[in-house]
Amino acid sequence: MYQPDDIVNMLKAAGEATRLRLIALLAEGELSVKDFTEILDQSQPRISRHLKLLADANLVSRYAEGAWAYYRLCESGPGSAFADWLKTQIDRNAQQLRQDREKLDAVRKARREEAEEFFATIAGSWDKLRSLHAPDSAVEAEILSLFDGIKVDTLLDLGTGTGRMLELLAGHYRQGIGIDSSREMLRVARSKLEAEGISNGQVRLGDIGALEDFAGAADRVVLHQVLHYFDDPGAAVSSAARCLRAEGQMIVVDFAPHEMEFLRDEQAHRRLGLSDAQMGNWAQAAGLSVASRKAIPPETEIGLTVCLWVLEHAETTGQHA
Ligand SMILES: C[S@@+](CC[C@H](N)C(=O)[O-])C[C@H]1O[C@@H](n2cnc3c(N)ncnc32)[C@H](O)[C@@H]1O
């Protein structure tokens, strides 16, 4: 039940053509102010003003990340039910909204291509580049400890890159499948797996956003240093979650929030690390919960903290509690 003032505020906020377009776009996932300015072709101050009104009415939530701000429709709190209702009532095929969505797809495609170009260029040196900012050996020891005495049937390594996780965990799966959208990274991965004689690990070209072939197939899914390349990491978590068996676990390894803005330009990062609160929200939206979380501090001055989250289906975590 809402207070009359709150209803008036929510209706006023949503009752304007541009703001309704913003809400319809946010129904597609998390977006930055920059995304909105590119899609709507309106100035940043204008877009920010509209978003502020929506945030003040509790319809959207804001997450500041370095110089950027990301927005999503509220999933809890006073405005979430109204935002949810709006989402189901808007005709996605109305001409303007369809055009907005097409622009969103184009913006995302251009970014994906930029990232693919980046990975094509650095494929040969990725294994060295990875440890530039991450305490690699400590992180790998932590990952291995999650497999202590365990051999799973099927492991999916999403965004496998040069296949390091398939290599590290080769003794802990019967069948390991690495998926990646970069042919160049996969080329390096294939020759590495072959050179190491890892016959139970294989890699395939694929998109983390389209994993239908692997629905319910994996005992463990690994996303190692991948999510910060996504505009909307939550969508990737949801897609990955659909690959898990009922008792399966997802292991997400990524940077904690940081302020190294240059990584966006120089290394195709989209997000400056991931927070525990975000991971909790993304897990919840994917029907999972965070079973454990560990932070591994940097080893060098230019290093970053790396976090390791284990996600499970919400009921499984309940059983362990
Ligand atoms: C930083 S690398 C990490 C590779 C590997 N997990 C590791 O830690 O060495 C990120 C990888 O994610 C892949 N990637 C990014 N977006 C993807 C997508 N939508 N679908 C599949 N792979 C993707 C990139 O091609 C890249 O190889």
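On a predicted model such as this, the values are computed, not experimentally measured, just so you know. Each ligand, and each atom within it, is numbered from 1 in the order the structure gives.
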Criterion side-chain contact (heavy atoms from CB on, under 4.5 Å) against Leu186, the qualifying member of Glu184, Arg183, Arg190
Arg190
Is there a chain of hydrophobic side chains (I, L, V, M, F, W, Y, each step under 4.5 Å between heavy atoms) that links Leu168 to Trp126?
no
Where is the tightest heavy-atom contact between Gln44 and Thr37, given as atom of each residue plus distance?
CA-CG2, 3.6 Å
For Phe147, does the six-membered ring have the charged nitrogen or CZ of Arg220 within the cation-pi criterion, i.e. under 6.0 angstrom from the centroid and within 45° of the normal?
yes
Co-membership, hydrophobic cluster, residues Leu59 and Tyr63, 4.5 Å side-chain
no
Per-pair distances, 0.1 Å, donor-acceptor, side chain in residues 204-216, under 3.5 Å, sequence neighbours excluded:
residue, atom, partner, partner atom, Å
Arg204, NE, Gln202, OE1, 3.3
Asp207, OD1, Gly209, N, 2.8

Protein neighbours of ligand 1 with a heavy atom under 4.0 Å, given by chain and number, are Phe119, Trp126, Arg130, Gly159, Thr160, Gly161, Asp180, Ser181, Ser182, Met185, Gly206, Asp207, Ile208, His224, Gln225, Val226, Tyr229, Phe230
